[in-house]
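This structure is a prediction, so every number in the text was calculated from the model and none was measured. Order of the sequence lines fixes the chain letters, A, B, ..., with proteins taken first and strands second; residue numbering starts at 1 for each chain.
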There are 2 protein chains.
Amino acid sequence: MSESGDAVTDRLTEVFDLVGPLYRRAQRKVELDAPIEGLSVGVRAVLNMLREHGPMTVPQMGRDQALSRQFVQRMTNDAAARGLVEFVPNPAHRRSSLIRLTEAGQAAITAVFDRERAMLRQIGGDLTEAEIAACLRVLSRLLSHLDDVDVD
Amino acid sequence: MSESGDAVTDRLTEVFDLVGPLYRRAQRKVELDAPIEGLSVGVRAVLNMLREHGPMTVPQMGRDQALSRQFVQRMTNDAAARGLVEFVPNPAHRRSSLIRLTEAGQAAITAVFDRERAMLRQIGGDLTEAEIAACLRVLSRLLSHLDDVDVD
DNA sequence: CGGAAGATGACACCTTGGTTGTCATGAGTG
DNA sequence: CACTCATGACAACCAAGGTGTCATCTTCCG
């Protein structure tokens with residue numbers, strides 16, 4: 001499979017090169033819409049993690065998103081200061097409390113999420129589920145193999 | 001296709017959410033290796049564009065990578081100061097010269113590229129060309145639909 | 001041909017995503 | 001009990017990337 005391996009490698013570099021522009025444009029899009037709720041990109045990321053995983057601790061979130069613990073901490077504190085999340089006692093660790101969405105936080109992230117979802121629905125158009133599944137598989141693979149580069 | 005449309009949308013948000021971590025980890029990886037050649041992420045991006053598209057102008061590169069003209073300009077000047085690129089007269093615009101890789105620039109970006117390629121080859125493993133093609137299609141689609149958010 | 005509108009480059013400033021380092025405290029463990 | 005490790009707070013720092021302004025050069029249209 002050395003030839004097909006090379007072809008695959010070539011295509012993979014293309015994928016790689018698409019991620020940068022995509023990330024920047026997406027971020028710009030997010031922060032273009034976000035002012036409505038007043039969420040920074042970082043806060044949005046925290047709220048979104050809590051939305052899908054339920055309450056979790058700061059270090060957990062950092063690992064999950066490949067972000068430094070300290071950065072997540074700041075964003076979390078920021079979100080807490082705005083009343084979007086609250087600290088609830090963690091049965092497993094007294095010191096490290098669980099972070100949970102408040103009503104306001106839930107509302108804010110839901111609004112953002114729905115807006116983004118509407119946009120994606122338009123884009124989705126003629127893409128098939130199979131294609132997207134393949135895409136997910138490829139990206140996950142890339143991600144997991146870059147994991148060894150860890151932070152904090 | 002309203003149900004499948006929704007499912008597609010759901011999966012698309014997953015794709016969306018993978019891009020962030022991927023970008024960060026990739027960037028960390030790049031700047032972990034880059035010191036060898038002394039390239040910043042921005043300079044690397046410029047050299048890479050020149051490597052695949054051949055000589056081009058600064059504004060062209062900015063549009064291509066969804067980066068502001070000014071940022072690309074700075075990176076280009078930086079690269080020129082290090083002797084990695086040179087300005088050649090542009091037949092089409094007297095003022096806006098074409099940027100071209102020098103020998104040194106060619107060597108540097110090739111070294112980086114080969115190193116990254118070797119890494120991707122390992123990762124590629126059991127991914128099929130079809131999967132990667134699908135992935136490319138999905139990402140391109142996302143990218144092109146975010147294009148309306150322009151900069152500068 | 002002439003002048004207005006647009007594209008390019010230079011320069012300076014700024015925002016902010018994200019990391020690193022240090023320290024104190026609390027938690028798990030031999 | 002002592003030791004190590006994880007967490008949180010605080011501060012400093014870095015770099016990616018954008019914005020704003022101005023002068024010069026193109027282009028295009030009357």
S.K.: Taking C-beta and beyond as the side chain, do Tyr23(A) and Arg24(B) meet within less than 4.5 Å on heavy atoms?
M.R.: yes
S.K.: Roughly how far, to the nearest 0.5 Å, is the CG atom of Leu98(B) from the OG1 atom of Thr57(B)?
M.R.: 7.0 Å
S.K.: Between Arg74(B) and dG9(C), does any side-chain N or O lie under 4.0 Å from OP1 or OP2?
M.R.: no
S.K.: Please compare Ile99(A) and Met75(B) by the position of their nearest nucleotide in DNA chain D and report the one closer to 5'.
M.R.: Ile99(A)
S.K.: Identify which nucleotide among dG18(C), dG18(D), dT19(C) has an atom closest to any side-chain atom of Arg28(A), counting heavy atoms from C-beta outward.
M.R.: dG18(D)
S.K.: Return a single string for nucleotides 20-26 of chain D, one symbol per nucleotide in 5' to 3' order, where B is base contact, S is sugar-phosphate-only contact and - is none, cutoff 4.0 angstrom on heavy atoms.
M.R.: BB-BBSS
S.K.: Would you confirm whether Arg82(A), through its side chain, and Leu39(A), through its main-chain N or O, come within 3.5 Å as a donor-acceptor pair?
M.R.: no
S.K.: Output yes when at least one side-chain N/O atom of Arg24(B) is less than 4.0 Å from OP1 or OP2 of dG17(C), else no.
M.R.: no
S.K.: Might you list the N or O atoms of the protein lying below 3.5 Å from N or O atoms in nucleotides 1-5 of chain D, with each pair's distance?
M.R.:
none

S.K.: According to a hydrophobic-cluster definition based on side-chain heavy atoms being under 4.5 Å apart (Ile, Leu, Val, Met, Phe, Trp, Tyr only), do Leu12(B) and Phe16(B) belong together?
M.R.: yes
S.K.: Counting side-chain heavy atoms from CB outward, which of dT7(D), dT8(C), dG17(D) is closest to Ser96(A)?
M.R.: dT7(D)
S.K.: Any idea which of dT7(D), dA10(C), dT8(C) is nearest the Arg63(B) side chain?
M.R.: dT8(C)
S.K.: Which residue in the set Arg121(A), Arg51(A), Arg44(A) passes salt bridge (charged side-chain N to carboxylate O under 4.0 Å, His left out) when paired with Glu116(A)?
M.R.: Arg44(A)
S.K.: Between dG18(D), dA10(C), dG17(C), spot the one nearest the side chain of Gln73(B), thanks.
M.R.: dA10(C)
S.K.: Nearest nucleotide by nearest heavy atom, which residue falls closer to the 5' end of DNA chain C, Thr57(B) or Tyr23(B)?
M.R.: Thr57(B)
S.K.: Using a cut-off of 4.0 Å on non-hydrogen atoms, how would the nucleic acid contact of Thr76(A) be classed: base, sugar-phosphate, or nothing?
M.R.: nothing
